[in-house]
K.L.:
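Quick one: structure below, then a few questions.
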Amino acid sequence: GHIVYTYTDTHEVTCMDDLGGSLWKYTSSQLKSPHSVDKDALDNLYVSGFTSNNVHILSCSGSLIRIIEDIPCPAFMKVNQQGTICVVCSKWKNIREYELK
């Protein structure tokens, strides 16, 4: 019932309820140009940082769980339901699979 979206220019991730009310915002100096958002079965959110070359994993309440570094220009991604595999498209042309531990 929640909608999560990104602002590339302001480097923010926002979550709102189905009535349009803001629930939380996530910003980090380590997240630049967020693009893609996906979630696993536990409702953890995966946010790609296109110009920060990383993926931020957030809890459903918007708290940082961890950052996966050294993913060049992640444009979009898909995470399996278990949260163990993340397939990332880098630079809008290269697809790579990452095993999450």
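Below, all heavy atoms of this structure are taken into account, side chains as well, without hydrogens, waters or symmetry copies.
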K.L.:
Kindly write out the residues that satisfy side chain to side chain donor-acceptor pair (under 3.5 Å) with Y98, not counting sequence neighbours, or none if the list is empty.
P.N.:
none
K.L.:
With rounding to the nearest 0.5 Å, note down the distance linking CG in L45 to OG1 in T6.
P.N.:
12.0 Å
K.L.:
Looking at L23 and M16, what are the two nearest heavy atoms and their distance?
P.N.:
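Between these two residues, the closest heavy atoms are CD1-C, 3.9 Å.
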K.L.:
Please walk me through it: do Y26 and H56 pass side chain to side chain donor-acceptor pair (under 3.5 Å)?
P.N.:
CA-CA 10 Å; Y26 172 78; H56 290 234; 2.8 Å; yes
K.L.:
When you measure from the side chain of T8 to the backbone N and O of P34, does any donor-acceptor pair fall under 3.5 Å?
P.N.:
yes
K.L.:
Report yes if some heavy atom in the side chain of R96 is under 4.5 Å from a heavy atom in the side chain of S90; otherwise report no.
P.N.:
no
K.L.:
Would a 4.5 Å heavy-atom cut-off, applied to side chains only, mark H11 and T27 as touching?
P.N.:
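Not in contact.
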K.L.:
May I ask you to decide if G49's main-chain N or O and S33's side chain share a donor-acceptor pair within less than 3.5 Å?
P.N.:
no
K.L.:
Tracing side-chain links under 4.5 Å among I, L, V, M, F, W and Y, which residues wind up in one group with F76?
P.N.:
F50, W92
K.L.:
Given S48 and V88, is the side-chain contact (heavy atoms from CB on, under 4.5 Å) satisfied, shown in steps?
P.N.:
CA-CA 9 Å; S48 64; V88 179; over 6 Å; no
K.L.:
Side-chain heavy atoms under 4.5 angstrom apart, residues restricted to Ile, Leu, Val, Met, Phe, Trp, Tyr: same cluster for I65 and L31?
P.N.:
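No, no single cluster joins them.
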K.L.:
Answer yes if L64 and V47 sit in the same cluster of Ile, Leu, Val, Met, Phe, Trp and Tyr residues linked by side chain heavy atoms under 4.5 Å apart, and no otherwise.
P.N.:
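They do share one cluster, since a chain of ILVMFWY contacts under 4.5 Å joins L64 to V47.
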K.L.:
Rounded to the nearest 0.5 Å, how far apart are CE of M77 and SG of C86?
P.N.:
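So the CE of M77 and the SG of C86 are separated by 5.5 Å.
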K.L.:
List the residues meeting side chain to side chain donor-acceptor pair (under 3.5 Å) with H35, not counting sequence neighbours, and say none if there are none.
P.N.:
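Partners of H35 by the side chain to side chain donor-acceptor pair (under 3.5 Å) criterion come out as none, since no residue qualifies.
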K.L.:
Evaluate the criterion side-chain contact (heavy atoms from CB on, under 4.5 Å) for residue pair V37 and V4; output intermediate values, then yes/no.
P.N.:
CA-CA 8 Å; V37 178; V4 177; 3.9 Å; yes
K.L.:
Using side-chain contact (heavy atoms from CB on, under 4.5 Å), reason through K39 and V79 one step at a time and then give a plain yes or no.
P.N.:
CA-CA 7 Å; K39 70 177 185 121; V79 177; over 6 Å; no
K.L.:
Any side-chain heavy atom of C73 within less than 4.5 Å of one from N53?
P.N.:
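Of all side-chain heavy-atom pairs linking N53 with C73, at least one is under 4.5 Å.
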K.L.:
Same cluster or not: are L58 and I3 linked, directly or through other Ile, Leu, Val, Met, Phe, Trp or Tyr residues, by side-chain heavy atoms under 4.5 angstrom apart?
P.N.:
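Per the 4.5 Å side-chain linkage, L58 and I3 are not co-clustered.
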K.L.:
With heavy-atom distances below 4.5 Å as the criterion, would you say the side chains of V87 and I95 are in contact?
P.N.:
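Contact flag for V87/I95 side chains = yes.
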K.L.:
Is there a path of hydrophobic side-chain contacts, each under 4.5 Å between heavy atoms, that joins I68 and I85?
P.N.:
no
K.L.:
Taking a hydrophobic cluster as the set of Ile, Leu, Val, Met, Phe, Trp and Tyr residues connected by side-chain heavy atoms closer than 4.5 Å, whether directly or through intermediates, do Y46 and I71 fall within one such cluster?
P.N.:
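Linked, Y46 and I71 end up in one cluster.
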K.L.:
Please test Q82 against D40 for side-chain contact (heavy atoms from CB on, under 4.5 Å), starting from the C-alpha separation and ending with a verdict.
P.N.:
CA-CA 6 Å; Q82 298 78 18; D40 62 23; over 6 Å; no
K.L.:
Answer yes or no: is there a donor N or O on one side and an acceptor on the other, between the side chain of T14 and the main chain of K25, under 3.5 Å?
P.N.:
no
K.L.:
Output yes when a side-chain donor or acceptor of N54 lies under 3.5 Å from a complementary backbone atom of I67, and no otherwise.
P.N.:
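No, N54 side chain to I67 backbone: no donor-acceptor pair under 3.5 Å.
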K.L.:
Between S59 (side chain) and N44 (backbone), is there a donor-acceptor pair under 3.5 Å?
P.N.:
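Not confirmed, S59 side chain does not pair with N44 backbone.
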